[in-house]
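One structure is given here, and the rest of the page talks about it.
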Protein chains: 2
Amino acid sequence: MSKTKSQNTIKALEIMEGNRPDTATRILDVAERLFVEHGFEATSLRMITQQAEVNLAAVNYHFGSKDALFESVFLRRLAPLLEGCLAELDTLEARQGDLPLEQLVLSFIRPCLALSKDPSRGGAMFVRLLSRTLVENHRLLRETISQQYSVFVQRYTSAFQRALPHLEPEQLAWRMHLAFSVMFNAFAGNDVLKIFTRSQIVTARDPDMIVKYLVPFVIAGLVAPIEG
Amino acid sequence: MSKTKSQNTIKALEIMEGNRPDTATRILDVAERLFVEHGFEATSLRMITQQAEVNLAAVNYHFGSKDALFESVFLRRLAPLLEGCLAELDTLEARQGDLPLEQLVLSFIRPCLALSKDPSRGGAMFVRLLSRTLVENHRLLRETISQQYSVFVQRYTSAFQRALPHLEPEQLAWRMHLAFSVMFNAFAGNDVLKIFTRSQIVTARDPDMIVKYLVPFVIAGLVAPIEG
DNA sequence: GTCTATAGACCGATAGAC
DNA sequence: GTCTATCGGTCTATAGAC
């Protein structure tokens, strides 16, 4: 009897609060935002559980540790994103063989753009999380991720080689490095200049605007004449 | 008497250890490296004082607080670097009036390169610190720095306007944003792709190599044709 | 200026009741 | 699954001897 009453109470709360997600999901959502805002070290389990309105012990019950929670937060977004990029590559290459450079760049940008515009997947949150995690040099990136997703870079390197066949391997590696660096930081909203200025032009972070200015810049950099 | 003996002992130690810098400098040097490696939050005063071989209380004696120490670490490098860039601009503009784009880009890159190659100023350490601080959205950058150094961006914006007179203000703001983003992350050694691959080509971080591939990429992006 | 000792607060993790 | 209570550890900052 008391069990039934308890379940009814919970269901009433869910309806009241608009289908409140389960505890694990609530923790993931809040942790994602706090890890982005404050970083891994500066985000305490107490901050997470208070804002998620769950008990402190729930994190360790559902995820085992703070490190494991971080891994769950991270992989929840990374895996679908990279699979989306590779699916784009598959579709485009099946249709037309080797890709021209712009199609190749767009096959990466389109899934990033779709993610950035989808609030149900946290919007631009994950790109910013990746940015922080990269700079913080988290153990997860050095150990777990690099092995699981190396196929991603291999596929893109191979496609870029065919799109830019005149570039030597070292040239190509550097240009891909610079190109992905600028794409990635554009989506993450990392703006060095905003430190020093209050300009509102670039800070809007509208994803469509990013793409409008980003794509020509990246393409031009990739096809730049080789210095002699 | 005991004072003289104590001073002699210190002097002997200095000679033995090769002119050991004073306590404040030792703290600054170690803190700079640890803030880069572990971030502000994850770096404790205990880590700093132990590696600097000074007493724990020395930080609060010399700098007042952990926040104030961070500010000292940061401004010790930023102020001379930005002054170096503006001095380059002054010299070049005095010699030849409005600068062609490549000279303009180099007026920023040369001081960065000089800093990166100078171990006595911490080498590339400061660019990496700036990168972390930017991503960590530290209060210092939002409040103190942005006011003091806004003249830096104003000078460069004005010079870029004259070098690229056909660009509308919004176009120019975005291209400067993307250009400084890629230059800055190249010097900081931030490489998204290295997460997924073990390629050693780009990870060398040789500053001259960076410039060799960076400058053509940035120039090409800045002068890219405008999309119709 | 340098040091010891410690205050006062917060941390991640867990045992155990329900 | 959820909760309380708590352990053992860390942190920054400071008081006060020398």
Side-chain angles (χ1 to χ4, degrees), chain A residues 1-14 17 20-31 34-35 37-73 136 138-140, chain B residues 1-14 17 20-31 34-35 37-73 136 138-140:
Chain A
M1 292 302 128
S2 79
K3 192 179 175 185
T4 302
K5 183 187 170 189
S6 171
Q7 285 180 337
N8 285 343
T9 308
I10 290 172
K11 196 163 187 182
L13 281 171
E14 276 178 9
E17 303 179 14
R20 167 177 167 141
D22 63 19
T23 299
T25 305
R26 292 178 61 77
I27 291 173
L28 286 173
D29 289 342
V30 171
L34 291 180
F35 284 150
E37 287 173 7
H38 306 285
F40 179 77
E41 298 274 355
T43 302
S44 70
L45 297 185
R46 282 169 177 80
M47 291 165 64
I48 295 171
T49 51
Q50 276 167 23
Q51 295 199 26
E53 294 174 89
V54 301
N55 188 270
L56 171 61
V59 169
N60 276 281
Y61 177 79
H62 286 280
F63 299 96
S65 71
K66 189 186 176 184
D67 268 297
L69 167 63
F70 182 77
E71 187 166 330
S72 295
V73 166
E136 286 175 0
H138 198 280
R139 185 191 49 79
L140 176 70
Chain B
M1 292 300 130
S2 78
K3 193 179 175 188
T4 303
K5 182 188 170 189
S6 171
Q7 286 178 338
N8 285 343
T9 307
I10 291 172
K11 196 165 188 184
L13 279 171
E14 276 178 10
E17 303 178 14
R20 167 178 168 140
D22 64 19
T23 299
T25 305
R26 294 179 59 77
I27 291 173
L28 286 173
D29 289 341
V30 171
L34 291 180
F35 284 150
E37 287 172 9
H38 306 285
F40 179 76
E41 297 276 353
T43 301
S44 70
L45 297 184
R46 281 172 176 78
M47 292 165 62
I48 295 171
T49 52
Q50 276 167 24
Q51 294 199 26
E53 296 173 88
V54 302
N55 187 268
L56 171 60
V59 169
N60 276 280
Y61 177 78
H62 286 280
F63 299 96
S65 70
K66 189 184 175 184
D67 269 296
L69 168 62
F70 182 78
E71 187 166 330
S72 294
V73 167
E136 287 174 359
H138 198 280
R139 184 190 51 78
L140 175 70

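In what follows, every heavy atom counts, from backbone to side chain, and hydrogens, waters and symmetry copies are set aside. In what follows, chains are A, B, ... by sequence order, proteins preceding strands, each numbered from 1.
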Between [X] ([atom1]) and [N] ([atom2]), how many Å, whole number?
X: A:Ile48; N: C:dC10; atom1: CD1; atom2: P; value: 17 Å
X: A:Phe70; N: C:dG12; atom1: CZ; atom2: P; value: 14 Å
X: A:Gln50; N: C:dC11; atom1: CD; atom2: C1'; value: 13 Å
X: B:Leu45; N: C:dA9; atom1: CG; atom2: P; value: 19 Å
X: B:Leu34; N: D:dC11; atom1: CG; atom2: P; value: 12 Å
X: A:Ile27; N: D:dG1; atom1: CD1; atom2: P; value: 12 Å
X: A:Glu53; N: D:dG1; atom1: CD; atom2: P; value: 20 Å
X: A:His38; N: C:dC11; atom1: NE2; atom2: P; value: 12 Å

Nearest heavy-atom contact between A:Asn60 and A:Leu45 is ND2-CD1, 3.9 Å
Smallest separation among heavy atoms of B:Phe63 and B:Ser72, with atom names
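The answer is CD2-OG, 3.6 Å.
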ask   = Does B:Thr23 have a side-chain nitrogen or oxygen under 4.0 Å from the phosphate oxygens OP1 or OP2 of C:dT2?
value =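 So the side-chain polar atoms of B:Thr23 do come within 4.0 Å of the phosphate oxygens OP1 or OP2 of C:dT2, strictly under.
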- Kindly say if A:Ser44 contacts the phosphate of C:dC11, meaning a side-chain N or O under 4.0 Å from OP1 or OP2. yes
The correct set of residues in residues 55-68 of chain A placing a heavy atom under 4.0 Å from DNA chain D is A:Asn55, A:Ala57, A:Tyr61, A:His62
Separation of B:Thr25 OG1 from B:His62 NE2 (nearest 0.5 Å):
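That separation rounds to 9.5 Å.
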Separation between CG (B:Leu69) and CG (B:Leu28), nearest 0.5 Å, reads 6.5 Å
Notebook entry, point to check: Are any side-chain N or O atoms of B:Arg26 and backbone N or O atoms of B:Ala52, one a donor and one an acceptor, separated by less than 3.5 Å?
Noted result: yes
>> Quick check: do B:Asn55 and B:Tyr61 have side-chain heavy atoms less than 4.5 Å from each other?
In response: no
**OP:** Select base, sugar-phosphate, or nothing to describe what B:Thr43 touches, counting heavy atoms under 4.0 Å on all strands.
**Re:**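 Sugar-phosphate only.
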Parallel, tilted or perpendicular: which one describes the rings of B:Phe40 and B:His138, with boundaries at 30° and 60°?
perpendicular
